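Worth knowing before you read on, the calculation uses all heavy atoms, side chains too, and leaves out hydrogens, waters and symmetry mates. Residue numbering restarts at 1 for every chain, and letters A, B, ... go by the order of the sequence lines. Since we're looking at a predicted model, the values are computed, not measured.
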Amino acid sequence: MALRIAVCVKQVPDPETPASAFKVDESVNRIVPAPGIPPVVNGFDLHAVEAALRIKDAGDAEVIILAAGNDFVMDVMKKPLSMGADALVLAEDPIFEDIDAVGTVKVLAAMIEKTGPFDLILGGRQASDWDQAHVPLGLAEKLGLPSVTLARNVEPQDGVVRIERALTDGYQVVEAPIPAVVTVSNELGEARYPTLRGIMAASRKQPERLTLDELGLTANDLKPDLSLRRLFIPESESQVEIIEGEDEADAGRKLALRLRELNLI
Amino acid sequence: MAGILVIGEIQDGAISAVSGELLAAAGKLVAEGVSGGVSLAVMGDDLSAIMAVQAPGADRVIRMSDPALKDEGTGGYDAPVLAVAALNESISPDIILFAKTDFGAVAGPRVAFKLGVAVAQDCIDVALDSETGRVAVTRPVFGGNALGIYDFNGDGTQVVTIRPGVFDPVEGEGSGTIEDFDVSDAVSRVRAVLVETIVQDSEGVRLEDADVIISGGRGLGGPAPFEQLQELADLLGGAVGASRAACDAGWVDHSYQIGLTGKSVKPTVYLSVGISGASQHMAGLSGARNIVAINKDDNANIFKSARFGVIGDWEKVLPAFTATVRDLAG
Ligand SMILES: Cc1cc2nc3c(=O)[nH]c(=O)nc-3n(C[C@H](O)[C@H](O)[C@H](O)COP(=O)(O)OP(=O)(O)OC[C@H]3O[C@@H](n4cnc5c(N)ncnc54)[C@H](O)[C@@H]3O)c2cc1C
Ligand SMILES: Nc1ncnc2c1ncn2[C@@H]1O[C@H](COP(=O)(O)O)[C@@H](O)[C@H]1O
């Protein structure tokens, strides 16, 4: 019997945006989109898609992508489809810009209710915009499911999912009964690149869209518990002492002497 | 509702240093006007050696002992999450503080969502807003490129996880009371099971303890140059670290990774070679005292935080640096 796997993905500003192009509009507490740098699917979420596709490769599975957000760029959001996922479900509403995780969890849980049931719900380790690393944990609590974080391998077996959970030094093997929520980390290994065939197939697929109303939610349900008062770029003054020499090797030598002079080595 | 509940951690049978840092954060909130006292909760299978005197800054220490709570509990941290939720129900704190450790980063949000409230993760400051009587927190966002100040609205429990190494632990001897809280019923509902833990023992100096770190990035171009870094680290009695790009490429194991999603380190000298200094990498270096960079790009972000730098090709700079270090060592 085919497993049904939901993967939660988020559209975020490209975290590789050079620091010089990273700007904040303090009057509205928002990031100013860097010109010419499109948003991306959150990196860890592509690892989660990869984990789902590996399960699909190994057996039989249906992979459904779920995303809540606003200003979706369709070329970006279709990437998981072009990697091989089966369907894309979007909830798009300007209100999602200012909701907190409790709200996001409500939206995703309602999306799962509409499109489920699922055997596995995967997400990324953390979203690279607000770096909170908490939405999937909230989803598990809301749905009454077990949760395991930081997977570097996800293997469903009879009624359980066996997870290798990355530690800073090594890993743990954890088993949880299915259905379960699992977050995936980059230790899983690189996410596959879309093939040309995948891109063509994805271009023909239309996302399913769900409105707040269809999800049975109102703006009042999503009033944030935690709200951003101020967003700013901390000031930092460079105080670097550049060591120069006759050539690069000489500079290396002088660097060692300078560090010794200060008793640092 | 009243007071602050601090979720401490046990390390090698004693209250960990990071718990003292949480007590310092709680102390700051108390000084700013939070009333109701500070309770420190600790969990483990046998806590008979834990005494209030070990917890300066806590008005009371609450021990939760159960076999299911051994070593932070079974996989997925089910048991400690259930234990803290049960304790919360009993004492109804206004504020719950966790450390943003492997444990707290998961348990904090799980407890918060169980209560149906938000959590602020990885905070570097907490303050009481005197007007609202609620907590405001400061946290790095966008990989550390920006800082956000957040307010807790409404009247729910305020759950905060605090970045380790930011607050100085409270010093001295504790004079609080001690009590035991029974969680045997709560922890019986554990679902995820820890099958085994495989620890990769690193040889030599641990990165977290190293006084000198030689760290390599994508600019090294492959795994072989890491041998040169190791040679230099051995000369200086240090350890080798890496950027995520080098780990993801498979040049070194992920246990070498330093940064936001890797290790936090606090060496006296951090020599980075071929690392651009992305904010997510720098997030692991807030405790590093002297950052030294070798990078061929004079615009590299690493030079903004470095104290010393050489602009050049590491293949030319590093061998001369290492040779000089060897000569100096005699
Ligand atoms: C949510 C999130 C979490 C992350 N967590 C982490 C983390 O914990 N740790 C981490 O490190 N990264 C992390 N990253 C990744 C981070 O954003 C960067 O992509 C990464 O740190 C870049 O690694 P690098 O500096 O080695 O590579 P690059 O950015 O490619 O830099 C390579 C540098 O080498 C220099 N170079 C090239 N050749 C030479 C030469 N011959 N001599 C001298 N210099 C040379 C170049 O000038 C360049 O500056 C995270 C990213 C995200 C989105
Ligand atoms: N708006 C969203 N839509 C879909 N998935 C999300 C959303 N926000 C967070 N997630 C998922 O939750 C993970 C952790 O996000 P966060 O808790 O925001 O750091 C992400 O990697 C996604 O898998």
Side-chain angles (χ1 to χ4, degrees), chain A residues 15 19 22 24 31 100-102 105 125 128-134 137-138 141-142 146-149 166-177 186-187 224-234 236 238-243 248-249 251-253 255-260 264-265, chain B residues 75-76 102 105-106 109-110 113-114 117-122 136 141-143 145-154 156 191-200 202 212 236 248 254-255 263 268-269 279 290 301 303-304 306-313 316-318 320-321 324-325 328:
Chain A
F22 182 89
V24 165
I31 301 301
D100 67 6
V102 179
V105 164
R125 166 190 184 140
S128 62
D129 47 5
W130 304 105
D131 292 324
Q132 283 264 45
H134 61 354
L137 297 166
E141 294 302 331
K142 175 102 184 156
S147 56
V148 181
T149 55
L167 302 175
T168 42
D169 290 298
Y171 64 97
Q172 291 178 327
V173 180
V174 181
E175 276 180 6
N186 56 300
E187 286 86 349
D225 225 17
L226 188 68
S227 56
L228 189 58
R229 179 200 300 183
R230 190 173 164 222
L231 181 68
F232 62 102
I233 297 177
S236 69
S238 173
Q239 293 177 331
V240 67
E241 177 180 323
I242 297 291
I243 311 284
E248 287 163 301
R253 200 178 65 83
L255 176 65
L257 294 174
R258 180 81 175 112
L259 295 182
R260 170 47 78 85
L264 291 173
I265 57 173
Chain B
D102 287 348
V106 173
R110 286 190 59 188
F113 288 112
K114 241 184 216 317
V117 297
V119 56
Q121 282 263 63
D122 205 14
V141 294
F142 289 86
N145 276 308
L147 289 177
I149 299 177
Y150 289 78
D151 292 304
F152 279 96
N153 310 313
R191 284 184 301 182
V193 185
L194 177 63
V195 181
E196 55 180 333
T197 299
I198 292 97
V199 177
Q200 269 147 6
S202 48
V212 174
L236 293 169
D248 277 354
H254 276 104
S255 56
K263 291 179 174 168
T268 306
V269 174
S279 59
N290 299 284
N301 201 50
F303 290 121
K304 289 211 189 104
R307 178 154 173 227
F308 301 101
V310 172
I311 296 160
D313 184 348
K316 304 215 174 69
V317 180
L318 191 68
F321 180 84
T324 312
V325 169
L328 287 169

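In this structure, the portions of A120(B) lying under 4.5 Å from any heavy atom of chain A include both its backbone and its side chain. Within the 4.5 angstrom heavy-atom criterion, only side-chain atoms of N301(B), from C-beta onward, approach chain A. Only the side chain of V269(B) comes within contact range of chain A, judged by heavy atoms closer than 4.5 Å. The contact between D151(B) and chain A is made by backbone and side chain atoms together, counting heavy-atom distances below 4.5 Å. Heavy atoms of R260(A) lying under 4.5 Å from chain B belong exclusively to its side chain. Of the atoms belonging to F22(A), it is side-chain heavy atoms, and not backbone ones, that fall under 4.5 Å from chain B. The contact between S128(A) and chain B is made entirely by backbone atoms, counting heavy-atom distances below 4.5 Å. Interface remark: Q239(A) contributes backbone atoms only to the contact with chain B (heavy atom separation under 4.5 Å). Of the atoms belonging to I198(B), heavy atoms from both backbone and side chain fall under 4.5 Å from chain A.
Interatomic distance, CG of L328(B) versus CD1 of I265(A), reported as 6.5 Å (0.5 Å rounding). The distance from the CZ atom of F308(B) to the CD1 atom of I242(A) is 11.0 Å, given to the nearest 0.5 Å. The OG atom of S238(A) lies 13.0 Å from the CZ atom of R307(B); values are rounded to the nearest 0.5 Å. Here the CG-NE2 distance, from D122(B) to H134(A), works out to 11.5 Å after rounding to the nearest 0.5 Å. Note that CZ of F142(B) and CG of D131(A) are 8.5 Å apart. Values are rounded to the nearest 0.5 Å. The OG1 atom of T324(B) lies 10.5 Å from the CG atom of L259(A); values are rounded to the nearest 0.5 Å.
Between chain A and the residues A146(B), S255(B), P109(B), G309(B), the most heavy-atom pairs under 4.5 angstrom are made by G309(B). In terms of heavy-atom pairs under 4.5 Å with chain B, the best-connected choice from P224(A), A166(A), P146(A) is P146(A). Of the listed residues (P15(A), P234(A), A251(A)), the one with the most heavy-atom contacts under 4.5 Å to chain B is P234(A). With respect to chain B, the highest number of heavy-atom pairs below 4.5 Å among G138(A), P177(A), A176(A) belongs to G138(A). With chain B as the partner, the residue from D129(A), L255(A), L264(A) showing the most heavy-atom pairs under 4.5 Å is D129(A). Listed options V102(A), V24(A), I233(A), D100(A) were ranked by heavy-atom pairs under 4.5 angstrom with chain B; first place goes to V102(A).
Side-chain contact annotation: D248(B) with N186(A), donor-acceptor N/O pair under 3.5 Å present.
When each of H254(B), Q200(B), K263(B) is paired with D169(A), the side-chain hydrogen bond (donor to acceptor under 3.5 Å, both in side chains) condition holds for K263(B) and for no other.
No side-chain heavy atom of V195(B) sits under 4.5 Å from any side-chain heavy atom of V174(A). When side chains are defined from C-beta on, V106(B) counts as touching L137(A), because their heavy atoms get closer than 4.5 Å. A 4.5 Å side-chain heavy-atom check between E248(A) and V310(B) finds every atom pair outside the cut-off.
A donor-acceptor pair is defined here as one N or O able to donate and one able to accept, closer than 3.5 Å; such a pair exists between the side chain of Q132(A) and the backbone of Q121(B).
The two residues G148(B) and L231(A) have their closest heavy-atom pair at CA-CD1, 4.3 Å. Residue L167(A) comes nearest to T197(B) through the heavy atom pair CD1-CG2, 3.9 Å, listed as atom of the first residue, atom of the second, then distance. The two residues S227(A) and N153(B) make their nearest non-hydrogen contact at OG-ND2, 3.1 Å. Scanning all heavy atoms of the two residues, the minimum distance from N145(B) to A19(A) falls at OD1-CB, 4.3 Å.
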Output, in order, the C-alpha distance, side-chain angles, deciding distance and verdict of side-chain contact (heavy atoms from CB on, under 4.5 Å) for Y171(A) and V199(B). CA-CA 6 Å; Y171(A) 64 97; V199(B) 177; over 6 Å; no
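Ionic pairing of R110(B) and E141(A) is present here: one or more N-O contacts between side-chain nitrogen and carboxylate oxygen are shorter than 4.0 angstrom.
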